[in-house]
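Since we're looking at a predicted model, the values are computed, not measured. Computed from heavy atoms alone, side chains included, the values below leave out hydrogens, waters and symmetry copies.
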Amino acid sequence: QAQLVESGGGLVQAGGSLRLSCAPSGRTFSRYGMAWFRQVPGKEREFVASITGSASSTYYADSVKGRFAISRDNAKRAVYLQMNSLKPDDTAVYYCAARSFGGAGFFSPGDYEFWGQGTQVTVSS
């Protein structure tokens, strides 16, 4: 079945950078809308960034604007999240998501139908 696989998480000091990658397994997502979410224990899954299937538009949570950048490389069938100026509050499990349909919503987990397993990002103070 269709699957998304995240990589690139790890431990980094505050102010550092990481780049997360999301690659398809069993299906291409080159024309699907895609997004990154994150979640910490005891809290709801939180929207981080999204990109349209055409890569013509991107959206960011206010908490990461100016620090994170989402991009995609259709030739490599992958989506990326470049994270700069990381803060301890960015510590979370980060999830890649995709959808095969159009719609008006981009910012809620229910707007996406395919999910990866998550990758841990830990930012030390």
Requested in this report: Compute the centroid of each ring, for Tyr60 and then for Phe68, and state whether the two points are separated by less than 6.0 Å.
Outcome: no
Query raised in the report: Hey, would you say the Tyr59 and Phe47 ring centroids sit under 6.0 Å apart?
Result: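 No.
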Provide the closest heavy-atom pair for [X] versus [Y] in the form atom of the first, atom of the second, distance.
X	Y	answer
Ala35	Phe37	CB-CE1, 3.8 Å
Ser85	Arg67	O-NH1, 3.0 Å
Val123	Asp90	CG2-CB, 4.3 Å
Arg38	Ala92	CB-CB, 3.7 Å
Phe107	Asp111	N-OD2, 3.3 Å

Query raised in the report: For Val5, does its backbone N or O pair with a side-chain atom of Gln117 as donor and acceptor, under 3.5 Å?
Result: no
Query raised in the report: Where the side chain of Arg72 meets the backbone of Gly33, is there a donor-acceptor pair that is under 3.5 Å apart?
Result: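 No.
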Query raised in the report: Using a distance-only test with no angle check, is there a side-chain donor-acceptor pair under 3.5 angstrom linking Glu113 and Ser100?
Result: yes
**Report entry** Pi-cation contact, Tyr32 with Arg99 (under 6.0 Å, within 45°)
**Finding:**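 The answer is no; the distance or angle limit is not met.
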**Report entry** Ionic contact status for Lys65 with Asp62, cut-off 4.0 Å
**Finding:** yes
Residues 16-24, side-chain donor-acceptor partners within the protein, below 3.5 Å, at least two apart:
unit_1: Ser17; atom_1: OG; unit_2: Asn84; atom_2: OD1; d: 2.9

